[in-house]
Amino acid sequence: MTNFNDVKKFMETFGQEVKANAELPNDKIVQLRIKLIEVEKNDTINKLIEQMEVTNSYFRKDWFYLLNNLTPNEPIHPKQKLKIVSRHY
């Protein structure tokens with residue numbers, strides 16, 4: 001037994017494309033990579049989140065918190081290492 005139908009329902013609910021057959025993602029998706037950055041003095045969480053290159057900008061903030069194991073009210077500090085999604089060229 002799998003959770004395929006539950007995943008399908010979740011993806012449809014949140015506007016994600018549900019594929020009927022397995023296929024490789026398009027070039028735009030394949031180029032995405034995790035980039036390690038160092039927080040600078042005047043950086044804010046929102047400024048860093050804006051740099052995230054995820055396909056659905058609605059989930060940018062969620063991806064940022066998830067990748068960095070942060071809670072929404074947790075502060076960031078200069079020289080702290082964080083991850084963002086960026087393009088690989």
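A distance-only check finds a donor-acceptor pair linking the side chain of Arg60 to the backbone of Met52 [under 3.5 Å]. Checked by atom type and distance alone, the side chain of Asp43 never pairs as donor or acceptor with a backbone atom of Val39 at under 3.5 Å.
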Which side-chain N or O atoms in residues 77-85 pair as donor and acceptor under 3.5 Å with protein atoms at least two apart or in another chain?
from: Gln80; atom 1: OE1; to: His77; atom 2: N; distance (Å): 2.8
from: Lys81; atom 1: NZ; to: Glu38; atom 2: OE1; distance (Å): 2.5
from: Lys83; atom 1: NZ; to: Leu67; atom 2: O; distance (Å): 3.2

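There is no path of hydrophobic side-chain contacts, each under 4.5 Å, that joins Leu36 to Ile76.
Looking at residues two or more places apart in sequence or on another chain, you find no side chain to side chain donor-acceptor pair (under 3.5 Å) involving Lys8. Considering only residues two or more places apart in sequence or on other chains, Glu23 meets the side-chain contact (heavy atoms from CB on, under 4.5 Å) condition with Lys19. Scored by the side-chain contact (heavy atoms from CB on, under 4.5 Å) test, Asn46 finds Thr44, Ile49, Lys61 as partners (sequence neighbours excluded). Partners of Tyr65 according to the ring pair (Phe, Tyr, Trp, His ring centres under 6.0 Å) rule, which considers only residues two or more places apart in sequence or in another chain, do not exist here.
Put simply, CZ on Phe64 and CG on Leu48 are 5.0 Å apart, with the number rounded to the nearest 0.5 Å.
Using a 4.5 Å heavy-atom cutoff, the side chains of Phe10 and Asp6 are not in contact. Inter-residue side-chain proximity for Ile37 and Lys35 is flagged as met; some heavy-atom pair is nearer than 4.5 Å.
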